[in-house]
Amino acid sequence: MMFFKIAWRNIWRNRRRTFITIASIFFAVILATLMRSLLEGVYNNMIHNIAAFSTGYIQVHKKGYWQEKNIENVMNADSNVLKLVSSTKNVTAVVPRIETFALASTGRQTSGVICMGVDVEKENDITKLRSKIVSGTFFTAKDEAVLIGERLAQKLDLKAGDSIVIMSQGYHAASANNIYRVKGIVQLGSPDLDKAIVYLPLHTAQQLLSLDNQVTGLSIMLNSSRNMNEVLHSLQQQIDTSRYEVMTWKQMMPQLDQMIEADGGSHKIILAVLYLVISFGVFSTVLMMLAERKHEFGIMIAIGLKKHQLTQVIIIETLLILFMGILFGTLAAWPVLEYVSAHPIRIGGELKKIYENYGLEAIFPMSKSFIVFWSQVKAVAIIGLAVTIYPIVHISRFALMKALRS
Amino acid sequence: MTNTVIDAHNVSKTYTEGPVPVVAIQQIHLHIDKGEFVALVGPSGSGKTTLLNMIGGLDAPTTGKVLVNGIDITNMKQNQLIDFRLHNIGFVFQAFNLIPVLTAKENIEFIMLLQRLPKEQRLARTKKLLEDIGLSDKATAKPGELSGGQQQRVAVARALASRPQFVLADEPTANLDSASAANLLDIMEKLNRDEQMTFVFSTHDNRVIQRAKRVITLVDGKIANDTLQTPITHSEDS
Amino acid sequence: MLIRIAWQNLWRNPLRSIVIILSMMTGLWAGAFIIGFFKGMINQQIETAISRQLSHIQIHHPKFGEEENILNTIKNGGNIALQLQQRKVVKAVSPRLLIAAMAATAHGSAGVTATGVSPGLEANVTSLGKYIAEGKYFDTTQTMSVIIGRRLQEKLQLRLNQKLILTFQNAGGEITAAAFRVAGVYTSNSSAIEESKLYVMAKDLAPLAGIQPGESHEIAILLHTNNEDEALAALLRNQYKDLRIETWKDLSPEMRLMIDSFNQYMYIIIGIILIALIFGIVNTMLMAVLERQRELGVLMAVGMNRSKIFFMVMCETIMLALAGCIVGLPLAWACITYFGKTGIDLSNWSQGLAMYGYDTMVYPSLDTIYYFEIGAMALAASVFAAIYPARKSLQLKPAEAIRKI
């Protein structure tokens, strides 16, 4: 406790220097926190959208389905698998889906579409599909009707109430053509989906594709993406993996995962350089703290302070400065995150187009997740380790007589 | 009954750091007994500080050995030595003795903290020492808020706090005016008398030399003279 | 004289000066290298985009892209292509048909864009012939052959010479299906393209789609150099007022933005690094001034005026920055030049990058002017950082400073 007291008072002997050093860490922490938060926010949003609207965080499907995306690889929706998955820990929803490719035609124009047969109520629970309707109305499980994406509607010049022909390939190569009423037009936020999505009630889709109670996959939503691997392992142990396949979105879309990793990596490099430069500044402060107190250290050792105790004092001093930097940085970043995560920044103009070209929602949410703050703590801890090496070496080589004579 | 506290045996010190080896101390034999009040005098460069540093275990002799209370300290390892100093030797340096961020009281208490003494003992001893040096009212002042003389008095108190075998003071009055110097000497004398504390101090101030009971004169690293004298005191309580 | 004193002052505490110079060096080196890396990536992307996908200029029907209609063709596309071919700046021209279709096999179906091309012309524009991984490029003596992307091949489990059924709506509004034989499989840097784009010969596709010979949906123009595109586009816009003429920058707003925002990006990265550096410089110089209080007091007492002291402290700071620049920037230049030759392999992330059209090899590059710009920014930052310590040095009072021994 005495050492702590000495350290605390020591760092305030040169207020100006301590303030500037804390300010430098503050600057790095706040910048890094906001940057990380934005990245996490944007990607989590993207992953969540993709998970909710298409693959799920984890998907269970017939073995081989993902490789071939073939309507022949269907599984029974009422199987034990569904019950088993629903009762697994951390799983918030299990959504049966039929996903297949089709051509949609109005007679004059045709477009390739993703035909998605969904359990109307369950789907609405996880995607809030009902609230995405921009014109027309939501459908019910018994409707022989479809919901289509907004951009697809534009492309095919369709309004709610018009009719559309869906042509696809059914189970066992049965023909699959039918005409449906467009009951509503949805705007999902992802341009890729808006351009191509056609929703059918599950039963209607099964009729179209000559299926009995089968689906192409069960999309699984989780309470947090952090639990993904845990759930994956638990499912893989319980499900007959010779017949079914359990995959995470990372396995289903490795490119997306890698793209996120690569983009995150390039930002992390910039932050690493920032922290590196800051740590030089902290180091020079430590250097000055040591140099100007040579005589004092000499006295302390002469009267009976052991070197490792002296080193402790210096380390506490350094850590106090770092700790205050990260504390104030985090405290300053927090309200910004709090605000932005509640009111995500919407972007417009050319940037919006670019985002949409990449299939992203033109929205900048920020993440308040623990990892955002924790990674700053880790970065600063590494700085702490690096800059305290010098005092440890310096004190261990400390020449008592020289110091006393100075 | 005499009780040898310091026994320097055939001690020499040669500095080889410079371009030419410098012999600072040559084959000195020295005994100091408990309760002595010794002044180490001599022109500058005569080896006073070097001798004090070796007696205090701050510096090792090139040849010979130093025994403190019969224990050879010349071959001790660094941490052992630091521990030995903590429990056996009190130091007062020329100036800037105190830890600048601690108050007078904390400076005195600090050394007992290092000795891991229980809190009540620490507080009692600190209180007593502050009274002895007449600075009870300055207990919470930082060194920067004390005069040079007051700082040196606190340094003496701190040196005694650990109940050492003896106290070494290297030119303790060098930066003090004569009134403060006399005052510091009064306190040292009093502690020497009351606590039977052994003091060894170097000085070249004549008024300070007069107050020593034993004067050892160093010339060119050798003891030129070692005499006992009756100290001339000016203090009011003698 | 002042400059010499300043220089010597720096070396009174060499470790401290070296730490600051090192931090400056590392910051500038890393900053410049990151920028060079991004520049290399952008260049790579532009090169790939132009040579493999967008070409320099594309001509379309004005309503192309807004509505999916097979009838939105360039009526005399063949002739326009021939005329364009005569121009000196033009390297190659390829007229194309683009039709949305469903590709089906026994193993499944997928949405694709069927691209009808003249094999010879297309090969000159996108070098498609060079990227055939399996099978052969079009043989004009044969009919009904198709070249598909690797991803589509995997998805539909197609082997060479197997049949693929293309179903689409023809110009008359009827659903038409035709079988094509897989002649070759191409690879692309973009897996999205591999999955969704397949090539057939225009002479096979046009009759099926009910499109007259000579009509095209798209004309792609490749030029000899990158910097003639805007001039030719302007010329063509004048000549063909009823067609939409777009350069690659128009076609790919993200690439335009990437180029336009490169400078901004550079300023932001260097700015962040410099701000971080400023903290260290201010602190060090402040300490250098405060610990020399007495000496500065003496200098003032012997008649060195305030502006000279101010100038001296400024000089010291700028020298530190200059030293950092002199070491850091050439180091960055050397690294960028070296890796600019050997390239940096990003194949660990290649799948993800390829999805967005990046090549996996990046060749960093940075124009010389940028080094000077970065250096100038660093010096400006150091001047800024020097103000506070230099002002502090002026606030010292000679008498007081001397008394503090």
Side-chain angles (χ1 to χ4, degrees), chain A residues 1-18 285-286 288-321 391-406, chain B residues 13 15 17 24 49-50 52-54 56-60 77-103 106-116 119 122 142-144 151 155 157-162 164 167-170:
Chain A
M1 209 46 218
M2 191 61 153
F3 291 167
F4 188 84
K5 195 193 274 175
I6 294 175
W8 175 254
R9 289 183 188 167
N10 265 325
I11 61 175
W12 297 114
R13 270 161 86 176
N14 202 322
R15 268 157 212 282
R16 242 184 244 116
R17 183 172 64 204
T18 303
T285 300
V286 171
M288 290 188 266
M289 291 196 312
L290 293 175
E292 69 196 9
R293 269 156 55 196
K294 224 176 179 179
H295 182 77
E296 190 181 318
F297 291 165
I299 300 269
M300 287 171 106
I301 290 177
I303 65 167
L305 192 70
K306 292 198 185 70
K307 282 185 174 181
H308 71 90
Q309 292 171 315
L310 185 55
T311 311
Q312 263 175 42
V313 174
I314 307 291
I315 290 177
I316 295 173
E317 286 175 26
T318 314
L319 294 184
L320 274 174
I321 290 177
I392 291 169
V393 173
H394 178 86
I395 303 275
S396 76
R397 288 188 181 169
F398 189 81
L400 179 58
M401 289 318 296
K402 254 191 202 160
L404 283 177
R405 260 182 258 138
S406 69
Chain B
K13 178 74 182 177
Y15 288 111
E17 287 155 27
T49 302
T50 307
L52 280 180
N53 285 342
M54 286 188 297
L58 294 174
D59 206 356
K77 293 215 176 68
Q78 206 178 41
N79 269 341
Q80 233 179 333
L81 205 52
I82 291 177
D83 224 33
F84 187 82
R85 287 202 298 263
L86 173 63
H87 292 283
N88 295 285
I89 309 170
F91 288 95
V92 179
F93 297 96
Q94 228 178 77
F96 310 111
N97 263 300
L98 304 176
I99 299 168
V101 293
L102 297 182
T103 61
E106 286 165 342
N107 259 291
I108 298 169
E109 197 188 344
F110 182 61
I111 205 140
M112 291 183 279
L113 259 167
L114 292 179
Q115 290 180 315
R116 297 173 194 279
K119 190 169 184 180
R122 293 198 314 256
K142 296 257 180 74
Q151 285 184 36
R158 184 193 61 194
L160 264 87
S162 60
V167 173
L168 295 176
D170 189 8

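Convention: sequence-line order gives letters A, B, ...; per-chain numbering from 1.
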Relative to chain A, which segment of [X] carries a heavy atom at a distance below 4.5 Å: side chain, backbone, both, or neither?
X	answer
Ile111(B)	side chain
Leu58(B)	both
Phe110(B)	both

Open item on the list: Please classify the contact between Ile301(A) and chain B as side chain, backbone, both or neither, with a heavy-atom cut-off of under 4.5 Å.
Closed with: both
Task: Region of Phe297(A) in contact with chain B, defined by heavy-atom distances below 4.5 Å - done: neither
Open item on the list: According to side-chain contact (heavy atoms from CB on, under 4.5 Å), who are the partners of Ala169(B), at least two apart in sequence or on a separate chain?
Closed with: Val92(B), Pro172(B), Phe201(B)
Open item on the list: Contact between Leu114(B) and Met2(A) at the side-chain level, heavy atoms closer than 4.5 Å - yes or no?
Closed with: no
Open item on the list: Below 4.5 Å, heavy-atom pairs only: which of Leu81(B), Leu86(B), Ile89(B) has the largest tally toward chain A?
Closed with: Leu86(B)
Task: Contacts of Phe91(B) that satisfy ring pair (Phe, Tyr, Trp, His ring centres under 6.0 Å) - sequence neighbours left out - done: Phe93(B)
Hey, what donor-acceptor pairs show up under 3.5 Å between chain A and chain B?
from	atom 1	to	atom 2	distance (Å)
Lys5(A)	NZ	Glu106(B)	OE2	3.0
Arg9(A)	NH1	Val101(B)	O	2.9
Arg9(A)	NH1	Glu106(B)	OE1	2.5
Arg9(A)	NH2	Glu106(B)	OE2	3.1
Ile301(A)	O	Arg85(B)	NH2	3.0
Ala302(A)	O	Arg85(B)	NE	3.0
Lys306(A)	NZ	Asp83(B)	OD1	2.8

- [ ] Drop me the distance from Ile303(A)'s CD1 to Leu98(B)'s CG, to the nearest 0.5 angstrom.
- [x] 9.0 Å
